[in-house]
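Every chain is numbered from 1 and lettered A, B, ... according to where its sequence line falls, protein lines coming before strand lines. The model shown is predicted, which means the values in this text are computed figures rather than measured ones. Below, each value reflects all heavy atoms present in this structure, side chains not excepted, and no hydrogens, waters or symmetry copies.
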There are 2 protein chains.
Amino acid sequence: MDVVNFRILEALQEDARMPFTRIGQELGMSSPAISDRVKKMEDLGVIRGYKAIVDPKALGYQFQAMITLRAFVGKLRPLLDKVPQLREVRNCYRITGTENIIMEVVLEDQGHLERFIDLLIAYGETRTHVVLSQVIAQNPLGRPLAKKD
Amino acid sequence: MDVVNFRILEALQEDARMPFTRIGQELGMSSPAISDRVKKMEDLGVIRGYKAIVDPKALGYQFQAMITLRAFVGKLRPLLDKVPQLREVRNCYRITGTENIIMEVVLEDQGHLERFIDLLIAYGETRTHVVLSQVIAQNPLGRPLAKKD
DNA sequence: TCTGAAACTTGCATGGA
DNA sequence: TCCATGCAAGTTTCAGA
């Protein structure tokens with residue numbers, strides 16, 4: 001993971017479909033050299049995949065919400081098993097603190113929000129925060145400053 | 001936005017680098033047809049871009065955290081202006097509720113977490129939840145069920 | 001939306017630093 | 001180990017229908 005790899009990561013986090021030839025041009029390298037480095041980073045798990053970023057609003061999802069949940073005793077494991085089946089959940093984290101879980105969800109309308117909360121209250125106490133706007137979205141990950149290599 | 005477009009979105013959310021020829025094969029269409037539809041969805045803002053998904057741990061970030069913040073009077077706007085400059089912030093949302101802001105951050109070590117919190121307390125009261133694990137990451141967005149088109 | 005041709009990109013093998 | 005070159009295979013783009 002030298003400076004060149006971080007430049008490549010920067011480019012691919014900005015546009016995952018950027019051709020290796022163009023990345024190579026910007027770095028003064030050939031495309032096979034870029035290709036090799038990318039493959040290596042994929043194998044090492046540094047790059048976990050490439051995803052199209054889709055706008056929920058444009059698809060008809062009126063709300064986005066962050067929901068925290070404090071699981072009832074014995075209900076955390078069942079919830080963790082359930083969450084992957086919920087198409088509304090875009091991201092879900094186990095966290096420290098009084099709440100156990102925080103998830104980012106997309107909802108079609110108010111009725112959908114209500115049904116979704118109804119589903120969750122079987123597992124724990126929830127707090128819902130409707131998203132007003134996204135200030136930062138998928139900010140690229142840069143090189144850690146403390147890293148010495 | 002017909003069913004074909006949703007199939008294309010599905011494919012590109014799973015792997016943004018998937019060739020249009022292969023998407024076309026799976027849908028029984030030619031690659032120019034796929035290309036046209038993708039370009040149209042880009043122009044409409046349905047597809048906002050393509051990003052490589054990078055593993056923070058593999059880059060040397062030891063912690064991930066969700067931080068909520070309740071801004072002091074008059075401090076919300078300055079914070080919103082500041083947040084885009086913070087490389088630690090991967091996502092940031094304005095939300096409803098007693099907290100105004102929730103952000104997902106990556107941190108190199110405990111000292112880094114401390115410095116970051118120190119920076120934030122000038123703007124409001126924070127609550128930090130260290131991420132233990134990510135249960136769901138970037139779950140693809142599907143077709144809204146209520147949508148009629 | 002498809003076909004077909006041209007331009008471009010990627011993958012692979014070889015060779016050099 | 002890392003990179004450049006060259007070639008073959010695959011992909012995207014553009015025109016015309």
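Side chain to side chain, B/H112 and B/E88 meet the donor-acceptor criterion of an N or O pair below 3.5 Å. Defined by atom type and a distance below 3.5 Å, a donor-acceptor pair is missing between the side-chain atoms of A/Y93 and A/E104.
To the nearest angstrom, P of C/dC8 lies 18 Å from CD1 of A/I23. Here the P atom of nucleotide C/dA7 and the CZ atom of A/R22 are 20 Å apart, to the nearest Å. Between the P atom of C/dC8 and the CE atom of A/M18 lies a distance of 18 Å, rounded to the nearest Å. Computed from coordinates, the B/L12 CG to D/dT12 P distance equals 10 Å when rounded to whole Å. B/L27 places its CG atom 15 Å from the C1' atom of C/dC2, with the value rounded to the nearest Å.
Atom CD of B/Q110 has 12 or fewer heavy atoms from other residues, nucleotides or ligands within 6.0 Å.
Taking the charged nitrogens against the carboxylate oxygens, B/D2 and B/R37 do have a contact shorter than 4.0 Å, which makes a salt bridge. Under a 4.0 Å N-O distance rule, the pair A/D81/A/R77 qualifies as a salt bridge.
Side-chain contact between B/F72 and B/P78 is absent, with no heavy atoms from C-beta onward closer than 4.5 Å.
Regarding contacts with the backbone of C/dT10, a side-chain N or O of B/R17 is found under 4.0 angstrom from either OP1 or OP2.
Residues from residues 28-49 of chain B placing a heavy atom under 4.0 Å of any atom in DNA chain C, listed by number, are B/G28, B/M29, B/S30, B/P32, B/A33, B/D36, B/R37.
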